[in-house]
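This report concerns only the one structure given below.
Just so it is clear, the values below take in all heavy atoms, side chains as well, and ignore hydrogens, waters and symmetry mates. Numbers here simply count residues along the sequence, with the first being 1. Values in this document were obtained by computation on a predicted structure and should not be read as measured data.
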Amino acid sequence: MKYALLLALALAGFRVVAGSPAQALAAADALAGQVIDQGNSNPLGFVSVGVLGHPYGTVADAQGRFTLDLPASYDADSVRFSLVGYASRTWQVGTLRRLVRSGPLQLMTQPIPLAEAQVSSVGLKRRVLGNTTIQKTMRIDEFASNKAGNQIGQRITIKRPAFMDEVSFSITHCTYDTIAFRLNVYKLRRDYPAENILPAAIYFKVTKQQAKDRIHLNLRRQHLYLTEDVVVAVELVRALDKGTLEFGCQFAGGGPFYKLEQTPGPDDAKNVVPKNAMSTIDLKRKQPDGPWTKYPNIGLGIDATIREIPE
């Protein structure tokens, strides 16, 4: 009995000692902080937070709070904070760990200048570009999990200067009651999405009932003037539980489309493939120095209505 008691006490002590380093390591890996406006100290909601060169990141909540689980092996990497209308800032992970302990991170406003274009609406040609007709039973390479920060977008080919008036997209399968999105319009750099050129952030929600029809977003107030190709993308701004979120696509044509996906999450956030969906096989091209993946031969069910300036 004496030896059994000593053994039990020893094992109990071992569990406490073994558990403490693990807890300390988890705490050390958690990089949490808040982002505010440098001018007025107001919280900046839905700031994109991404680890450069890695498909890993998150989106801050409505109060600018964010959390990233980054082990010490990432300390030499860099994290970029970006929001439309603000100058992006980048910090090394090791430095960032110290900064978040001393207070909120600050971003400075940076208005996006609009290209000058004095054109009468008379004579502008209305066109719909991208993919309006989609195949509902075809499954694209969907997200592994529906995490905040995941994006999927379609390239829009601009042949003549034009104003973008509207964007629409199709969700073919949705099991969620409500999904929160952000719309992004990117310039291309080396044929991959780069700078977001929207003059103001556009957030919107889609309910399960609305997802049965094509989603339309009016951009007339943005006065978005285009002279070159762009990528129109929708981004998840809140993580979702396990369920199905599938976008329509056009197989063997209408591409390319692009996907940015964060590191897959736990099984309880898994994106479940619908039973009647067929897999597609397509050549993927990973951006060498960024998180985007390109699918050259498949078009996503996103289109853009433009007013094109005639010759």
Rounded distance (nearest 0.5 Å) linking atom [atom1] of [X] with atom [atom2] of [Y]:
{"X": "Arg285", "Y": "Thr293", "atom1": "CZ", "atom2": "OG1", "result": "12.5 Å"}
{"X": "Ser82", "Y": "Asn184", "atom1": "OG", "atom2": "CG", "result": "9.0 Å"}
{"X": "Thr58", "Y": "Leu68", "atom1": "OG1", "atom2": "CG", "result": "6.0 Å"}
{"X": "Asn218", "Y": "Thr305", "atom1": "CG", "atom2": "OG1", "result": "9.5 Å"}
{"X": "Ile171", "Y": "Glu246", "atom1": "CD1", "atom2": "CD", "result": "10.5 Å"}
{"X": "Ile36", "Y": "Asn42", "atom1": "CD1", "atom2": "CG", "result": "8.5 Å"}

Measure from the side-chain N and O atoms of [X] to the backbone N and O of [Y], and report whether any donor-acceptor pair falls under 3.5 Å.
{"X": "Gln287", "Y": "Pro193", "answer": "no"}
{"X": "Glu261", "Y": "Ala144", "answer": "yes"}
{"X": "Thr175", "Y": "Thr244", "answer": "yes"}
{"X": "Asp75", "Y": "Val93", "answer": "no"}
{"X": "Asn131", "Y": "Cys249", "answer": "no"}
{"X": "Asn271", "Y": "Leu245", "answer": "yes"}

Once you measure the plane-to-plane angle for Phe46 and Tyr203, does it fall in the parallel (<30°), tilted (30-60°) or perpendicular (>60°) bin?
tilted

Could I get the full list of salt bridge (Lys or Arg N to Asp or Glu O under 4.0 Å) partners for [X], not counting sequence neighbours?
{"X": "Arg214", "result": "Asp303"}
{"X": "Asp241", "result": "none"}
{"X": "Arg89", "result": "none"}
{"X": "Asp177", "result": "Lys208"}

Looking at side-chain heavy atoms only, is the closest gap between [X] and [Y] below 4.5 Å?
{"X": "Pro256", "Y": "Val231", "answer": "no"}
{"X": "Phe247", "Y": "Lys259", "answer": "no"}
{"X": "Leu219", "Y": "Glu166", "answer": "no"}
{"X": "Val185", "Y": "Ile156", "answer": "no"}
{"X": "Arg307", "Y": "Asp165", "answer": "yes"}
{"X": "Val234", "Y": "Phe204", "answer": "yes"}
{"X": "Lys125", "Y": "Pro310", "answer": "no"}
{"X": "Thr157", "Y": "Leu129", "answer": "no"}

Derivation of the side-chain contact (heavy atoms from CB on, under 4.5 Å) call for Thr178 and Thr207:
CA-CA 4 Å; Thr178 304; Thr207 65; 4.2 Å; yes

Of all the heavy-atom pairs spanning [X] and [Y], show the shortest one and how long it is.
{"X": "Ile152", "Y": "Leu300", "value": "CG1-CD2, 3.6 Å"}
{"X": "Arg97", "Y": "Leu70", "value": "NH2-O, 2.6 Å"}
{"X": "Leu236", "Y": "Val59", "value": "O-CG2, 4.1 Å"}
{"X": "Met164", "Y": "Ala304", "value": "CE-CB, 3.9 Å"}
{"X": "Thr227", "Y": "Ile158", "value": "C-CG2, 4.2 Å"}
{"X": "Gln210", "Y": "Ile215", "value": "O-CD1, 3.3 Å"}

Per the salt bridge (charged side-chain N to carboxylate O under 4.0 Å, His left out) rule, which among Lys159, Arg189, Arg155 passes with Asp229?
Arg155

Tyr176: partners by ring pair (Phe, Tyr, Trp, His ring centres under 6.0 Å), with sequence neighbours left out:
none

Which residues satisfy the ring pair (Phe, Tyr, Trp, His ring centres under 6.0 Å) test with Phe81, sequence neighbours excluded?
Phe66, Trp91

Output yes when Arg182 and Glu235 qualify as a salt bridge under the 4.0 Å nitrogen-oxygen rule, no when they do not.
yes

Between Thr90 and Ser88, does a side-chain contact (heavy atoms from CB on, under 4.5 Å) hold up when you go through it step by step?
CA-CA 7 Å; Thr90 302; Ser88 299; 5.7 Å; no

With respect to Gln151, which candidate in Trp292, Tyr186, Tyr258 satisfies the side-chain hydrogen bond (donor to acceptor under 3.5 Å, both in side chains) definition?
Tyr186

Stepwise side-chain contact (heavy atoms from CB on, under 4.5 Å) check, Ile309 with Leu124:
CA-CA 5 Å; Ile309 299 174; Leu124 297 189; 3.9 Å; yes

Evaluate Leu83 against Val35 for side-chain contact (heavy atoms from CB on, under 4.5 Å), listing each step before the verdict.
CA-CA 10 Å; Leu83 180 66; Val35 188; over 6 Å; no

Does atom CZ of Arg160 have more than 12 heavy-atom neighbours from other groups under 6.0 Å away?
yes

